[in-house]
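Quick notes on the structure that follows.
Whatever order the structure lists ligands and atoms in, that order sets their numbers, starting from 1. Throughout, numbering of the chain's residues begins at 1 and tracks the sequence.
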Amino acid sequence: MAIIRVKNLLIRTYIGFNEDELRNKQDVVINMTIKADVDNAIANDDVENSYNYKTITKKVIVLVQEGKFKMLENLTRQVLDVILMNPQVEWAKVEVDKPHALRFAESVSIELEAYRKGVT
Ligand SMILES: Nc1nc2c(c(=O)[nH]1)N=C([C@H](O)[C@@H](O)COP(=O)(O)OP(=O)(O)OP(=O)(O)O)CN2
């Protein structure tokens, strides 16, 4: 198993429940930490049949770009769930930052982690 980190993935989406947030997209910054089986990538130096960090990243981009979210917790949980769908993933942690969400703070974030169902 390896720990794969996708760092500072910047995506624009609808996030929030204030009037202007419902109408206008804003940036979120996503950091994903994924514990996945990469034995095949190591043994064969080949992405075929290996956990592909590009694939999951593109799935997250589509999920977030095309979604509309009110609560940051909901967005974070949905990203975590899409990562955990892959049987090669044992555990994952997701942190989603909403920069400038608060007037006097640089950013606010929610972090969630979980094992894939059936893994403890
Ligand atoms: N488990 C691994 N997965 C992937 C690896 C790897 O080494 N281990 N390597 C890659 C690619 O080399 C990736 O790093 C670069 O791919 P690409 O330039 O296609 O990524 P982009 O996001 O820039 O692709 P665009 O389609 O141009 O947006 C992938 N997975």
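- The pair E73-R77 does not count as a salt bridge, with every side-chain nitrogen at least 4.0 angstrom from each carboxylate oxygen.
- A cation-pi contact, defined as under 6.0 Å to the ring centre and within 45° of the axis, links K68 to Y14.
- Grouping the Ile, Leu, Val, Met, Phe, Trp and Tyr side chains by contacts below 4.5 angstrom, directly or via other members, places M1 apart from I83.
- At the top of the distance list for atom 21 (P) of ligand 1, counting protein heavy atoms only, stands K54 CE, 4.1 Å.
- For atom 18 (O) of ligand 1, no protein heavy-atom neighbour is present inside the 4.0 Å cut-off.
- Residue-environment remark: CG (D45) stays at or below the threshold of 12 foreign heavy atoms within 6.0 Å.
- When each atom of ligand 1 is checked for a heavy atom of Y51 under 4.0 Å away, the hits are 1 (N), 2 (C), 3 (N).
- There is a protein heavy atom less than 4.0 angstrom from atom 25 (P) of ligand 1.
- Protein heavy atom nearest atom 29 (C) of ligand 1, with residue, atom name and distance: N52 OD1, 3.5 Å.
- Listed by number with element, the atoms of ligand 1 under 4.0 Å from a non-hydrogen atom of K58 are 22 (O), 24 (O), 25 (P), 26 (O), 28 (O).
- Protein heavy atom at the shortest distance from atom 8 (N) of ligand 1 is Y53 CE2, 3.5 Å.
- Distance check for atom 15 (C) of ligand 1: every protein heavy atom is found at 4.0 Å or beyond.
- Using a 4.0 Å cut-off between a side-chain N of Lys or Arg and a carboxylate O of Asp or Glu, E95 and K7 do not qualify as a salt bridge.
- No more than 12 heavy atoms of other residues, nucleotides or ligands lie within 6.0 Å of NZ in K70, so this atom counts as exposed by the packing criterion.
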